[in-house]
Every structure is written in C-alpha cells, then in structure tokens.
Amino acid sequence: MPELPEVETIARGLDKGVRGDVIDSVWLGSYPEPLKSSAQQIAGTLTGTRIARVRRVGKHLVFDLEPKRSRNGRGSRQWIVHLGMTGRMLVASPDEELPKHTHAVASLASGRELRFVDPRRFGRLSVRAAADFAGPGTEPLTITAEQFTELFRSRKTSIKAALLNQKLLHGVGNIYADESLFRAGIRPRRAAGRLTRAELDALHAAIKQVLNDAIRLGGSSVSDYVNAEGREGFFQLRHRVYMRTGQPCLVCRTRIKRIVLGGRGTHYCPKCQK
DNA sequence: AATGAAACCTGACAGC
DNA sequence: TGCTGTCAGGTTTCAT
C-alpha cells in the first residue's frame, strides 16, 4: 500500500505517539508468513526495550531501540517494518476492537498498543543488531541532480520501471512514479537511458515536489491507507493521472490512458507527456 | 547483468 | 444471491 509519503506520515505519527515508550510484551500471530526474522527473535528483541525513535528509510519503518541494560554491552537494535501493499501500523487503546488480520501486537508501558495489521500479508517484520539500516537504494528527497542522472545512465528499461526499482531510488511506488512522470511531461515507456539531461532534471524536481506535497497532505488514501492514528490522507485529491483512466487531462482535456508496464497499471496523458 | 513475467495473499468491485 | 474475472499502494524469485 504505502509509498514514501505514506510511510513518512506513519513514521512521524508513531514517533510522536510512542517515542520513549517501553514495550512490555509482544504477541505475534500463529503463522510465520509476515515475518522475516523468527517470531522468537522479534519477541526477544522487542520485549523490555524502550523505543528511542521511529523514522522512515525508503518504504521501511525503522524503530531505533535503546540497548537493554540486562544484556551485557550489546549495541542498540532496530525493528524494521515493511508494510507491503496493505500493511498498517497503528497506535491504539487495548479497548478498541482488534481488527481482522492483526498479526502482531506490542503492549506498551503507557497502556497503549502498537498493532500491525495486514490483510494481504505482503508486509515483513525483522529485527537487526546494527544501527545502520540504509535501505536498498538512494533517498529521492535528498539525491542531487547529478546523482539522479547517473542512476539512469545506459538503462534500457522504461523510466517507469526504473523509478519503481528500489535498488536505484527507494521510496517511489506506482502512484508517485505516474504522478511525477506526468508533472515532468515524460511518457512512462521512454527508455530510462535515453532521457535528456533536461528531462532528467525536470523529473528529479517533479519527484521531490510530488513527494513533499504528498507528505504535507498526509499521503494518498486510495483504498485503505491510514496513518498511525487511523486517519486518511488527502493527496489522492491531487492525483492528476493515477487511477484517472478515461477521464480528461486536467491540463489539456485529452483522455488519460492506462497501459501495463513492468506488470503495473500505468497512467499518463498522451498529449502532455512526450 | 538486466529485464520481464509469475508468484505471493486477501478483498473489493463489475458483470453476468 | 452467487459465481467469475480483474484489479489493487510491493517485493522476490525464476526463466530468458
């Protein structure tokens, strides 16, 4: 479900809501599918630790955990969460009904709960020892125009597929790839390596602008994204092409087209995007 | 090495 | 009402 702006919004909400809180106990659902580390590893690492900070790296939530005093001189640990397509990480009161497809619950010393809910089970949880989680690629919000250009040099694949490749940029998904390409005036099918420097500069700027605008509006709620407090975002109201197939382009009135690229539904304006 | 298709899951919705 | 088919914010794996 969530791309960079949604994960950023969730991370900010979680940081505000649970920073400094202590995880008293952890419950994990009976099936191991949504876990990347073993249930034992996760429960063992989380139980009794204080949450120092929650932040976003790419599309991952990173919980920085304070070292446990009982453990002899081991460094800090991290809890890494990927929400997949439909994952939610919610701060809730134990009185609230446990939603269907809840796979993990961390009970906090403050009396609240951290709940991981994920109907499609594409989400992944893991714990790790080091405090240097970097994610697979480069952050789109801080990359320079030069670095950005370098990423796509001599790539034969489409620019759309390249934007979705997390080993290059991490954090851009299907919505923001389509929206950025529209704003930059570039057709999704264009070969990444054949874009001009001017086009790449425009795309670089468009991505930053779209992501920042989306963060400001709390992300895009297309079907079921909500933030850590369970509230929807508003950027879906600003979508210009994504899921607007057949509707008039907001700039030129041409009908928005939908194709499949890299296995993903791809939306663009045939007139505005060259 | 890199590209694309299929697989992994459940749910919502359209059409019959 | 209920069946079938399609689609969905993502990533990994497997075949070319």
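Each chain gets a letter, A, B and so on, in the order its sequence line appears, and its residues count up from 1. The analysis underlying the following values was restricted to heavy atoms, covering all of them including side chains, and did not include hydrogens, waters or symmetry mates.
Dashed line: the shortest gap from a side-chain N or O of A/Q166 to OP1 or OP2 of C/dG10 is not under 4.0 Å. For C/dG10, one of the phosphate oxygens OP1 or OP2 lies less than 4.0 angstrom from a side-chain nitrogen or oxygen of A/K59. For the pair A/T157 and B/dG4, the criterion of a side-chain N or O lying under 4.0 Å from OP1 or OP2 is met.
For the residue pair A/E179/A/H239, the side-chain donor-acceptor check at 3.5 Å is not satisfied. In this structure, a donor-acceptor pair under 3.5 Å is absent between the side chains of A/N227 and A/T9. Side chain to side chain, A/E3 and A/Y225 fail the donor-acceptor criterion of an N or O pair below 3.5 Å.
Residue-level contact check: A/S221 touches the bases, meaning some heavy atom is under 4.0 Å from a base atom.
Base pairing in DNA chain B gives the following stems of 3 or more Watson-Crick or G-U pairs, range against range and under 3.5 Å: B:2-8 with C:10-16, B:10-16 with C:2-8.
Listed nucleotides: C/dA8, C/dG10, B/dG11. Nearest to the side chain of A/P119: B/dG11. Side-chain atoms of A/R121 lie closest to B/dC9 of the nucleotides B/dC9, B/dG11, C/dT11. Out of C/dT11, C/dC7, B/dT3, the shortest distance to the side chain of A/R258 is found at C/dC7. Taking only side-chain atoms of A/K100, from C-beta outward, the nucleotide of B/dG4, B/dG11, C/dT11 with the closest atom is B/dG11. Distance from the side chain of A/H101 is smallest to B/dG11 among B/dT3, C/dT11, B/dG11.
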List the atom pairs, with distances to 0.1 Å, where a side-chain N or O of residues 207-215 of chain A and a protein N or O form a donor-acceptor pair under 3.5 Å, not counting sequence neighbours.
from: A/K208; atom 1: NZ; to: A/I143; atom 2: O; distance (Å): 2.9
from: A/N212; atom 1: ND2; to: A/K208; atom 2: O; distance (Å): 3.1
from: A/D213; atom 1: OD1; to: A/R216; atom 2: NH1; distance (Å): 2.9

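When the P atom is compared between C/dG5 and B/dA7, the two are found 16 Å apart, to the nearest whole Å. For B/dC9 and C/dC14, the P atoms lie 14 Å apart once the distance is rounded to whole Å.
Evaluation of A/F122 against the base of B/dC8 yields a stacking contact (centre distance < 5.5 Å, interplanar angle < 30°).
Each of A/L164 and A/R120 was assigned the nucleotide of DNA chain C with the nearest heavy atom; the assignment lying further toward the 5' end belongs to A/R120.
Hydrophobic clustering (side-chain heavy atoms under 4.5 Å, transitive across Ile, Leu, Val, Met, Phe, Trp, Tyr) groups A/L61 together with A/V26.
Atoms CZ (A/F152) and P (B/dA1) sit 20 Å apart, rounded to a whole Å. Distance, A/R155 CZ to B/dG4 C1': 15 Å, rounded to whole Å.
Aromatic ring orientation, A/F133 versus A/H60: perpendicular (interplanar angle above 60°, classes split at 30° and 60°).
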